[in-house]
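Lettering follows sequence order; numbering is per chain, from 1.
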Amino acid sequence: MKTKIKQIVLAAARCAFEKGFLPSDQVPDMEIEEPKHDSQGDFSSNFAMVSAGIQKMAPKKIADILVSSMESHDFIEKTEVAGPGFINFFLTNSAWHPVVDQILAQDTRFGASDMGSRQRVQVEFVSANPTGPLHVGHGRGAAVGDSVGNILSFAGFDVQKEYYINDSGRQIRTLGTSVWLRLLEMAGKEIVFPEDCYKGEYIKEFAQNLLEIEGKTFADTDEETAIPVCAKFAAGKILEGIKTDLSDFGVSFDQWFSEQSLYDSGRVDAAIQKFRDQGLIYEDAGALWFRTEDFGDEKNRVVVRNNGLTTYFASDIAYHTEKYERGFDRVIDVWGADHHGYIKRIDAAVVASGRKSAQFSVILVQLVNLLRGGKPVQMSTRAGQFVTLKDIVDEVGKDAARFMFLSRSYDSGLDFDLELAKQKNSDNPVYYVQYVHARITGILLKAVEEGVIDAIDFKKGDRLDLLAEPEELKLIKILAGFGEQVEKSAETLHPHVIFTYLMTLAAAFHGYYNKHKVITEDKTLTRARLSLVLAVKKVIRNGLFLLGVSAPERM
RNA sequence: GCGCCCGUAGCUCAGCUGGAUAGAGCGCUGGACUUCGAAUCCAUAGGUCGGGGGUUCGAAUCCCUCCGGGCGCGCCA
């Protein structure tokens, strides 16, 4: 619809120029936008204002000329010049009605777009170390990453969701040590439990399990043999738990990628060697450094320490160059905000490997502030006391948790109140939106019962021309805008755009519902309205799907 | 000190690739269920868009600066 309006404006401008009313045929960047107020029409163009400089005329005058040069169209009720020089378009009701048919016909694909033109995009998210269960922060990252993936996919990108398993390095070793010490403790030996070891109860469980599996003599194994065994066992168990928790949270991955595999396949060494040959990695004070400064970082970064051990950065370089070799046009990493200092160095590695900076983006998710009834929940990772993602899903449910995580822009910190997320009332936005879906299902069921329609789902509207109430037109206009919101959400990588849209649509529906009865004595009108509410139901479902939230038929 | 994010109604936040009269939820006050699901709706009140400069026909939106809050600045991960 917007493109149609744009063409009309452009045609009018050309026509006015040819007739000599406008001195220039230059066309600046102009926009067709939707005004905030109904009195300003359905669409407006700022052509006159942005052309004022080129045409050397007052915006209002240009607007008047354009309006008088415009051909009439049957779907345009009237055009007006208003404010500083806006041209406002008022559409006829019948211009909007076909939207309902489109929704019913396109069904689960309504709102989908081909803006991505099947470009291959990888979204990597969560990627928590398998050293403990996922916590609230991971939950937000998981919700964001999964949803961004869904949205990009819906917008026509070829998306792969990936989890990077940090199953190598010192943390894993520490995990092994932690389990080993607990195991020795259980075997009755004197131990000193170091400050930097993992203190959670789950560590003791693993020690217990291992003792049962390996037998009591395992406690006599020498440390160098035992710790890797403990580490592998614990990491495997934890990863299993992470997979389960994510699955219960409605998050699935296309691939689980092991950091260790990069070492095993020699990719880390190969990457270091390659950049060394290019002079991008050099030696200093016994360590190997990557010239990230050349790419805008504050200082160069170590990839191999003087003790011969690689840093995290080394495998990250190998990993990120490998991603593009797999054929992705674009790579998106979802990180916690506390990692923002790493963006430049990874970006440096990406650019150094011959990719464009635009092919790499990082979504930084700000921290979650967990509350219960308005009061902060005390958490301490060190002491092993924290609320896990599983705790949250168990307590408030998957849908409420995901909706809450996606309700705000990830650029802002998020207050997550467990009490609020649990409430089944209007304080809790998830039910507000889901209620629309359930309510409409109820209406459709009743209509079937009364024999007005054959089934609660159908592909074609009936007598849409009867939809003439202002609330009905408003609903249709909101429905028509879904695709645009999907594209905006995909462009900005911001899922909360969909959240906001759903809240707007839900509010419009509830308002309509309370003012007008769908099922009335007038069967024809009833069928028209049923077509409309079914369209609303489908769009609500499509939107919720993008956020990974279910659309219940009953609540 | 440097970097990233944030500052909009009493509270939590949308709006930020510049547009007309800055929105929503909660909370406050008062209303609406013999009628399709009241997990809903309607009405009223509430604002120097942190302060100050600048760019522009036009700034919550862009630039500079200051203030306030969160996070990060290792040959840790």
Practice task
Could you please spell out the steps behind the salt bridge (charged side-chain N to carboxylate O under 4.0 Å, His left out) verdict for A/Glu521 and A/Lys517?
Solution key: CA-CA 10 Å; A/Glu521 294 301 313; A/Lys517 286 189 68 78; over 6 Å; no
Problem - Working for side-chain contact (heavy atoms from CB on, under 4.5 Å), residues A/Arg439 and A/Phe509 - result: CA-CA 10 Å; A/Arg439 216 176 199 185; A/Phe509 172 76; 4.1 Å; yes
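Nucleic acid contact class of A/Asn306 (heavy atoms, under 4.0 Å, all strands): base. Residue A/Ala285 is in base contact, counting any heavy-atom pair closer than 4.0 Å across all strands shown. Across all strands shown, A/Asn129 has heavy atoms under 4.0 Å from sugar-phosphate atoms exclusively, and none from any base. If you check every strand for non-hydrogen atoms under 4.0 Å, A/Ala287 touches a base. The residue A/Gly169 sits apart from the nucleic acid: no heavy atom pair falls under 4.0 Å.
Remark: the separation of the C1' atoms in B/A43 and B/G3 is 49 Å, to the nearest Å. If you take atom P in B/A59 and the same atom in B/G50, they sit 15 Å apart, rounded to whole Å. Rounded to a whole angstrom, the distance from the P atom of B/C66 to that of B/C2 is 9 Å. Here, B/C76 and B/C71 have their P atoms 24 Å apart, quoted to the whole Å. When the P atom is used for both B/C13 and B/U8, the distance is 9 Å, rounded to whole Å. Using P as the reference atom, B/U61 and B/G18 are 12 Å apart when rounded to the nearest Å. Separating the C1' atom of B/C16 from that of B/A60 is a span of 7 Å, rounded to the nearest Å. Of the C1' atoms belonging to B/U12 and B/G69, the separation is 16 Å, rounded to the nearest Å.
The base of B/C5 is not paired with the side chain of A/Asp411 by any donor and acceptor separated by under 3.5 Å. Between the side chain of A/His339 and the base of B/G72, no donor-acceptor pair under 3.5 Å is found.
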N/O contacts under 3.5 Å, protein versus nucleotides 34-37 of chain B?
from, atom 1, to, atom 2, distance (Å)
B/U35, O2', A/Lys517, NZ, 3.2
B/C36, O2, A/Val518, N, 3.3
B/C36, O2, A/Ile519, N, 2.9
B/C36, N3, A/Val518, N, 2.9
B/C36, N4, A/Tyr513, O, 2.7
B/C36, N4, A/His516, O, 2.8
B/G37, O2', A/Tyr435, OH, 2.5
B/G37, O2', A/Arg439, NE, 2.7
B/G37, O6, A/Met555, N, 3.4

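Nearest nucleotide to the A/Arg170 side chain, out of B/C76, B/G70, B/C75: B/C76. Considering only side-chain atoms of A/Leu364, the nucleotide from B/A39, B/C76, B/C4 that sits closest is B/C4.
With sequence neighbours excluded, the residues that form a salt bridge (charged side-chain N to carboxylate O under 4.0 Å, His left out) with A/Glu471 are A/Lys515. Take A/Arg330 and apply the salt bridge (charged side-chain N to carboxylate O under 4.0 Å, His left out) test, not counting sequence neighbours, and it matches no residue. Applying the salt bridge (charged side-chain N to carboxylate O under 4.0 Å, His left out) criterion to A/Glu80, with sequence neighbours excluded, gives A/Lys78. A search for salt bridge (charged side-chain N to carboxylate O under 4.0 Å, His left out) contacts involving A/Lys477 returns A/Asp42, not counting sequence neighbours. Partners of A/Lys232 according to the side-chain contact (heavy atoms from CB on, under 4.5 Å) rule, which considers only residues two or more places apart in sequence or in another chain, do not exist here. Scanning for ring-ring contact (aromatic ring centres under 6.0 Å, His included) contacts around A/Phe125 gives A/Phe253, with sequence neighbours left out.
The existence of a salt bridge linking A/Arg541 and A/Glu553 is excluded, since no basic side-chain nitrogen approaches an acidic carboxylate oxygen closer than 4.0 Å. Checked for salt-bridge contact, A/Glu283 and A/Arg276 meet the test: a charged N lies under 4.0 Å from a carboxylate O. Classification of A/Glu484 and A/Lys488 as a salt-bridged pair fails, no side-chain N sitting under 4.0 Å from a carboxylate O. Using a 4.0 Å cut-off between charged nitrogen and carboxylate oxygen, A/Lys422 and A/Glu395 count as a salt-bridge pair.
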Exercise for the section: Summarise protein proximity over nucleotides 14-21 of chain B in one line of letters, 5' to 3': B for base, S for sugar-phosphate only, - for none, counting protein heavy atoms closer than 4.0 Å. Expected result: SSS--BBB
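Following rounding to the nearest Å, A/Tyr432 (OH) and B/A39 (C1') show an atom-to-atom distance of 11 Å. Atom CD of A/Glu419 and atom P of B/U12 are 18 Å apart (whole Å). At whole-Å resolution of the value, CZ in A/Phe403 and P in B/C13 are 16 Å apart. Taking atom CG on A/Asn369 and atom C1' on B/C6, their separation rounds to 14 Å, with Å as the unit. Atom CG of A/Leu505 and atom P of B/A24 are 16 Å apart (whole Å). Rounded to an integer number of Å, the gap from A/Asn428 CG to B/A39 P is 14 Å. When rounded to the nearest whole Å, the span between CE of A/Met503 and C1' of B/C13 equals 11 Å. Rounded to whole Å, atom P of B/C75 lies 15 Å from atom CD1 of A/Ile281.
Of the residues in residues 291-300 of chain A, those placing a heavy atom less than 4.0 Å from an atom of RNA chain B are A/Glu298, A/Lys299, in numerical order.
Taking a pair as Watson-Crick or G-U wobble with both distances under 3.5 Å, RNA chain B forms stems of 3 or more consecutive pairs at B:1-7 with B:67-73, B:10-13 with B:23-26, B:29-32 with B:40-43, B:50-54 with B:62-66.
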Counting only pairs under 3.5 Å, give me each side-chain donor-acceptor contact of residues 52-66 of chain A, with atom names and distances, residues two or more places apart or in other chains.
from, atom 1, to, atom 2, distance (Å)
A/Gln55, OE1, A/Ser24, N, 3.0
A/Gln55, NE2, A/Ser24, O, 3.1
A/Lys60, NZ, A/Gly83, O, 3.4

Donor-acceptor pairs are to be reported for all side-chain atoms of residues 361-369 of chain A against protein atoms at under 3.5 Å, with residues two or more places apart or in another chain.
from, atom 1, to, atom 2, distance (Å)
A/Asn369, ND2, A/Asp415, OD1, 3.1

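With its glycosidic angle more than 90° from 0, B/C49 adopts the anti conformation.
A centroid separation of less than 6.0 Å is found between the aromatic rings of A/Tyr501 and A/Phe482. In this structure, the ring of A/His494 has its center less than 6.0 angstrom from the ring center of A/Tyr410.
Residue whose closest nucleotide on RNA chain B sits further toward the 5' end, between A/Leu414 and A/Glu259: A/Leu414.
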